[in-house]
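What's counted below: heavy atoms across the whole structure, side chains too, no hydrogens, waters or symmetry copies. Each chain gets a letter, A, B and so on, in the order its sequence line appears, and its residues count up from 1.
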Protein chains: 2
Amino acid sequence: MRQPATIKDVAQHAGCGVASVSRVLNGSGPASAALRKRVLAAADELGFEFSEIGRSLQSSTTRTIGCVVPSLANPVYADAVQGAQETFQAQGYQTLLVCTSYNAELELNAIRTLMAKQVDGFVLTVSDALSSEGLKSIQRREIPHCLLFNMPPGNEESWSVDDRSAAKSVADAFHNAGHKHVGFLALKFKTSDRARQRYEGFVEGCAICKMQKPALLEINEDSQNLTELLQGFLTENPTLTGIFVSNDFLALATIRSARKLGLKVPSDLSIVGFDGIDVGTMVEPSLATIVTDPKMMGSGAAGTVLSIINGTSKPAQPDPEQSFSFRGGGSLAPPGAERTDGEKAATSSPSNNPTQKNAEIQPERST
Amino acid sequence: MRQPATIKDVAQHAGCGVASVSRVLNGSGPASAALRKRVLAAADELGFEFSEIGRSLQSSTTRTIGCVVPSLANPVYADAVQGAQETFQAQGYQTLLVCTSYNAELELNAIRTLMAKQVDGFVLTVSDALSSEGLKSIQRREIPHCLLFNMPPGNEESWSVDDRSAAKSVADAFHNAGHKHVGFLALKFKTSDRARQRYEGFVEGCAICKMQKPALLEINEDSQNLTELLQGFLTENPTLTGIFVSNDFLALATIRSARKLGLKVPSDLSIVGFDGIDVGTMVEPSLATIVTDPKMMGSGAAGTVLSIINGTSKPAQPDPEQSFSFRGGGSLAPPGAERTDGEKAATSSPSNNPTQKNAEIQPERST
DNA sequence: TATCAATATGGAAACGTTTCCATAAGGGGG
DNA sequence: CCCCCTTATGGAAACGTTTCCATATTGATA
């Protein structure tokens, strides 16, 4: 890797001072036509490009934003990051990405490193917004930031779904379908405060519907043995007829595991997910879920950070109550529904399902 | 945002010179126990962290890698980026992410900006490795880099599937299932040289199998009207019984569109995808496809870049011919197969499908 | 006790910018 | 013709590090 030309090289080449080169190339001050021409020629010949490092040192600004999410394997975060990155890019900001794998220690280290790199701001989804050391450091340094998918602990900026309300509406859906006892499956709460919020909302919703308190199964991020865990869970709670899984990605895996155990979905076990990822409409049976718009969330959070940096007005956020919608699907049906019926209903078209409250047309998305 | 303490502040606070602070905190030189204690105390009290900018300026190294991909909406790239990011992170490198939306101009600008930011290396998937201006700049500056999913134009480093061979095996699969005339659907070649490679291999494979030359449908990245385009394509080519779609993500969308047109998959139209994304095994019918391992590819490409930077030996790459495998699925069946048969076969279990050559157990993946 | 080596420490240069300030040159008005 | 104001230009400081070099201190050896 041979090193690039510096402003000094250009100055020497053009036979002038560095200040003049800076002025000409940035258009930031007067310069005679002759000088301008010489500088331009020299810069061109040397293939000169400004070093952002020198600039950053001088301006103490990097035009770089730290973006911290748990994982890109989950399409929700992938889409959110995509949205954020596009928004930043459009305003001339670069995105420094870190995936924390739901690991609080990694999260803290990553945030420290990004701070040392002097990012101008942060968009981040932390494990637990209340206890995150990384988040505290950011606050202490007063670095512009916006949470994403974390309900704000104080009066933080945040773009997030109202997890509790959404979870309540899932309880409603189960109740309407005739379920009496359902479960909740999620990542360990300490690795995801989203999961906890959803659980709390779900418990509350079940109570309102006079359903039994939901059984709880917490698993690890790296659980490769979901099938076994599910089996144990169902054995311990033999009256369960449905499970609310705290994200679609995990819900799909749960359906797969249920099948491995010889269970029919939804007749033996109904499943409802959370997120509304696109493929949920393509699986069989289609996945009943809470629909959200992660790309918009990411983009919004990015816009908020930029507005803090620039001191402009913040982008409008959708009403928290409207930030989600329930989408019915073949994976939720009355308990013990005739197997063939269930299948037929699901196979023909998801939108025929009687438990469906809100059938959305998903936009087509190609690669 | 209040500015952080600098090494000078620490020096002043500890009543010593900056050199000593640097030595103590980096453990890079001698220091008396007393001094060490004072410096540590001062640093702690001020909450001092080194500024990477100052360091970078001094060392002309940033410990940052540019990662350029078309889009995170496609799980293939999302997984690859995740793999790359993890590998970089493990070695203390940060990842500067750019999504180019398959846009060559954006690609070039992004690469220029990353170069100005002095990234130590690049992992990138470009639109067209032969013509990419950005790639040429990187080569000119001799910045360590590794292509990802691009077949190398010269003797570039690259982690990529052997698209041509893989596409040939798809032709085989169609032939074995009894198809005579099939089509190829992909993004416009100029936005994706992967698509072109796959097409060329597919044409060659079809020729070897004595099938008719495949019909070609190129679409734009932003095509929202896939259904219409598909309809036109099928009208123009009435003898088509199958389509090879150049990536799974698009293949799923194509199946959806085919259904909207009232076509049954696979009886009216067989579909084979490319990539082997996880959800392909969950959709109905399951998606016949070429299976690849994007996360491993991303991680491998990252390892290669790091080895170039450090002058260590490069990570071993899988044999190009083994870098993929064909996975049968319900979306590929003999043309005109009985509708109910096709459905039953697919519904019961993908691995029972007679056209399946290679049934892989996908690892469970939870969020 | 004088000398030498090793250790401890600080000053200053260098990295690549931007920007402030000073100087030089040119032109118009008194 | 001189002075002042504007325009053009370069020098140098500052940003936060690391590192080379010089100096000061210490302990041990002759």
Next item on the list: Specify the separation, in whole Å, of atom CG of B/Asn26 and atom P of D/dT17.
Entry: 10 Å

Notebook entry, point to check: Base, sugar-phosphate alone, or nothing: which one does B/Ala31 contact when heavy atoms must sit under 4.0 Å apart?
Noted result: sugar-phosphate

Item checked: A/Leu57 side-chain proximity, nearest of C/dA8, C/dG16, D/dA8 -> C/dG16

Check: Going by atom types alone, do B/Asp120 and B/Thr62 pair a side-chain donor with an acceptor below 3.5 Å?
Finding: yes

Check: Checking side-chain hydrogen bond (donor to acceptor under 3.5 Å, both in side chains) for the pair B/His145/B/Glu156: CA distance, chi angles, key distance, verdict?
Finding: CA-CA 9 Å; B/His145 64 286; B/Glu156 295 287 297; 2.7 Å; yes

Item checked: Phosphate OP1/OP2 of C/dG10: any B/Ser20 side-chain N/O under 4.0 Å -> yes

Next item on the list: Look at the side chain of B/Ser22 and decide which nucleotide, out of D/dT18, D/dC15, D/dA12, has an atom nearest to it.
Entry: D/dT18

Notebook entry, point to check: Between B/Leu35 (CG) and C/dT7 (P), how many Å, whole number?
Noted result: 16 Å

Note to self: If I take atom CD in residue B/Glu52 and atom C1' in nucleotide C/dC15, what distance separates them, rounded to the nearest angstrom?
What the structure shows: 15 Å

Check: Relative to each other, are the rings of B/Phe88 and B/Tyr93 parallel, tilted or perpendicular (30° and 60° limits)?
Finding: tilted

Check: Whole-Å distance between D/dC15 C1' and B/Asp9 CG?
Finding: 13 Å

Note to self: Heavy atoms from C-beta onward define the side chain here; which of D/dG10, D/dC15, C/dT17 lies closest to that of A/Arg23?
What the structure shows: D/dG10

Margin query: Please give me the minimum heavy-atom distance between B/Leu147 and B/Ala129, naming the atom from each residue.
Written below: CD1-CB, 4.4 Å

Next item on the list: Measure from the side-chain heavy atoms of B/Gln58 and tell me the nearest of D/dT17, C/dT17, C/dG10.
Entry: D/dT17

Check: Taking for each residue the nucleotide of DNA chain C bearing the nearest heavy atom, is the 5' side occupied by A/Ser28 or by B/Arg38?
Finding: B/Arg38

Notebook entry, point to check: Looking only at heavy atoms, what is the nearest atom pair of A/Ala43 and A/Leu25, with distance?
Noted result: CB-CD2, 4.2 Å

Note to self: Of the listed nucleotides (D/dT9, C/dG11, D/dA12), which one gets closest to any side-chain atom of A/Val18?
What the structure shows: D/dA12

Check: So, the side chain of B/Ser56 versus the backbone of B/Thr61: is there a donor-acceptor pair under 3.5 Å, distance only?
Finding: yes

Margin query: Can you tell me which nucleotide in D/dC15, D/dA8, C/dG10 comes closest to the side chain of B/Cys16?
Written below: C/dG10

Check: Once you round it to whole Å, what is the distance between C1' of D/dT7 and CZ of A/Arg36?
Finding: 12 Å

Next item on the list: Please report, rounded to the nearest Å, how far the C1' atom of D/dG16 is from the CZ atom of B/Phe50.
Entry: 10 Å

Next item on the list: Name the nucleic acid region contacted by A/Gly54, choosing base, sugar-phosphate or nothing; use a 4.0 angstrom heavy-atom cut-off, strictly under.
Entry: base

Note to self: Using a heavy-atom cut-off of 4.0 Å across all strands, would you classify B/Thr6 as base, sugar-phosphate, or nothing?
What the structure shows: sugar-phosphate

Checklist line | Protein-nucleotide distance (B/Leu46, atom CG; D/dG16, atom P), rounded to Å | finding: 14 Å

Next item on the list: With the side chain of B/Ser51 defined as its heavy atoms from C-beta on, choose the nearest nucleotide among D/dT17, D/dA12, D/dT9.
Entry: D/dT17

Check: Between B/Ile7 (CD1) and C/dT9 (P), how many Å, whole number?
Finding: 15 Å

Next item on the list: Assign B/Gln118 to base, sugar-phosphate, or nothing according to its heavy-atom contacts below 4.0 angstrom with the strands shown.
Entry: nothing

Note to self: Quick check on C/dC15: is either OP1 or OP2 less than 4.0 Å from any side-chain nitrogen or oxygen of B/Ser56?
What the structure shows: no

